[in-house]
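A short worksheet on the structure shown next.
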Number of protein chains: 2
Amino acid sequence: MHHRARTSLLTIAAIALGAPALAQGLDVPAKNLPVPQDVSPQVQKLIAAPLRNGWNVLPKSGEEWKPVADAGAEPTIRNLPGLLERMNVKVEKSTIDGVRVFMVTPATIAPANQNRVVIHMHGGCYVLNPREAGLPEAVMLAGFGGFKVIAVEYRMPPEAYFPAALDDGMTVYKNVLKTMNAKNIALIGTSAGGALVLQMGLRARQLNLPMPGAISSGTPMSDVTKVGDTFYTNELVDNVLVSRDGFCDAGTKVYAAGHDLKDPLISPVYGDYKGFAPTILTSGTRDLLLSNTVRVHRKLRDAGVESFLQVFEGQSHAHYLRDDTAPETKATFAEIAAFFDKHMGK
Amino acid sequence: MHHRARTSLLTIAAIALGAPALAQGLDVPAKNLPVPQDVSPQVQKLIAAPLRNGWNVLPKSGEEWKPVADAGAEPTIRNLPGLLERMNVKVEKSTIDGVRVFMVTPATIAPANQNRVVIHMHGGCYVLNPREAGLPEAVMLAGFGGFKVIAVEYRMPPEAYFPAALDDGMTVYKNVLKTMNAKNIALIGTSAGGALVLQMGLRARQLNLPMPGAISSGTPMSDVTKVGDTFYTNELVDNVLVSRDGFCDAGTKVYAAGHDLKDPLISPVYGDYKGFAPTILTSGTRDLLLSNTVRVHRKLRDAGVESFLQVFEGQSHAHYLRDDTAPETKATFAEIAAFFDKHMGK
């Protein structure tokens, strides 16, 4: 609201002065977006899906989010056995220093990956994808890349609030560091998870811990203050997040519980990336967070950090996690696995 | 038209069957896009500019394009002395095997670049930016990167038609190959130039010539058949190209002069990229050709080619060539120069 109010004042000033109204912005007429024909049938189906059901339902507390999260988790958990079978991956529940985790292990660990481990932070706006619903990305990396993955089932509202998710991730990272060289550890996450892995890198440096060997940050919620041009250009175009004022923003606010949203440990685009780990970033041309992805890429590159950006045709937010049979999904994980292999220790 | 007609039939079929109308696509309401605040003041000014004057004026012949090109060239040529001074670069007219070129030389050639040369193919929809109006990208690479550049003033309609521009580029490439290792040669171009440098790589292989050391393809017109999702999502959002049915499409059709637009030597996204040169790609989040850029990236990567993608916040088509004082422009050329340095011979 503050931002909008300021824009309006500038607009009035510009009109009063007769100047070209820079702050008025660009009026774009209504349009129809056909389903692109230059993507796989699987991705066409994802793009053709209607806007996410309930995108503008905005629970206001951890208690209100709980049933929403449970209902949303159901189809993902129902589909998990099929995914595990196709990926030839097994999952075991465990805890690490009190943090709930899933040990995600492929039937075949790639020879180069014997002494490597990847820590996974799931997405879901800090309130969604509880329990096994957080696992698809971890399972796909294990299956497509032949990596051992520790998927962190971090605490979420109403169980705990900021910085609980980050703390749980750091607890696991610190534990793994006891027995493994930092270079042999990678982090992966998408959406809130994509932000969390960036936050973990920034936090590691605050704590004088060594950087992991590599990080994969998929379409990160790197700026939850609604700054980023594709929050506007891809509004009602991205059929997953749909709007900067939608459910994901509501979930983040509940998690933040009043903490400053500009803190780099919530909006990591504002962090200092000097000496950061090599980082691969993934987005799509319809992604509401395309700007938040490319802005992190720019920050990393300006800080002299190795960083690789991949952007997929027509995809909305995190579409690459939706269908493991899509060739685009395989390409996504092939890039991530190759990037990890290039930068991690052996 | 053919594509649209098919979509309509599918739509009718879907409605008749009562099925979810996949081919109907997504209806996006009218919206206002504020000028993003997370870019430099220089880029804010570019983004705030109105839609390109005359974007929907569609000259139909080389003769009709000539006065349009001459008028458009004037402001660029007027600004060239200032650019040359800021970049500390000098330009000399010459010819190479009958092809008109400009030799673009920085006051200081970087030590690593003494035995390297870059061939530049300018943009302008194959009909615009005649004479010195084609030089800004060449001058910026020379100035920011410390490279010697040969800027090809290739023939355009009404002087000549497809494949004249490509042929002129190849003539220069073949000439330079006589005295220099292919690995010490790079190609750079934006828009039509971004397509031409891809076409040159593909053509080099057809002719059994060695690949250049590296290629920079900025927001390439890699698919002039109007396939690409951002032709729709960024329609009337990109304030430079504006629309897939605008002036640039008209210019390309005049140049193609009836040749098949799906030929990889006009729409290089359809080429075979196995063994292609390492390629850096540049685009922006509002770029009408963002899809055509990321699709080439994907093609290159799927073919196992080194390729780096950079996408700039809020920028429309080739905004990075508009203001050499913008930090984003410096970042663009710093990436290109570093990529060239990494992959070229010494």
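Chain identifiers are assigned alphabetically (A, B, ...) following the order of the sequence lines, protein sequences preceding nucleic acid strands; residue numbering begins at 1 within each chain. The basis for the numbers below is simple: all heavy atoms, side chains too, and nothing from hydrogens, waters or symmetry mates.
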Toward chain B, the part of Ser307(A) with a non-hydrogen atom under 4.5 Å: backbone

Most heavy-atom pairs under 4.5 angstrom with chain B, which of Val294(A), Ile47(A), Val28(A)? Val28(A)

Here's one to test your reading of the geometry: is the NZ or CZ of Lys226(A) within 45 degrees of the ring axis of Phe231(A) and under 6.0 Å from its centre? no

With under 30° as parallel and over 60° as perpendicular, where do the rings of Phe147(A) and Phe340(A) fit, or are they tilted in between? perpendicular

Non-hydrogen atoms of chain B under 4.5 Å away: do they reach the side chain of Asp302(A), the backbone, both or neither? side chain

Identify which of Ala331(B), Ala334(B), Ser291(B) forms the greatest number of heavy-atom pairs closer than 4.5 Å to chain A. Ser291(B)

Partner of Tyr320(B) by side-chain contact (heavy atoms from CB on, under 4.5 Å), out of Glu137(B), Gln310(B), Met140(B): Glu137(B)

If I measure from the heavy atoms of chain B, does Leu51(A) come under 4.5 Å with its side chain, its backbone, both, or neither? side chain

Quick check on Glu328(A) against chain B: is it the side chain, the backbone, both or neither that has a heavy atom closer than 4.5 Å? neither

Between Arg301(A) and Glu335(B), does at least one N-O distance fall below 4.0 Å, as a salt bridge requires? yes

Do the ring planes of Phe276(B) and Tyr273(B) sit parallel (below 30°), tilted (30 to 60°) or perpendicular (above 60°)? perpendicular

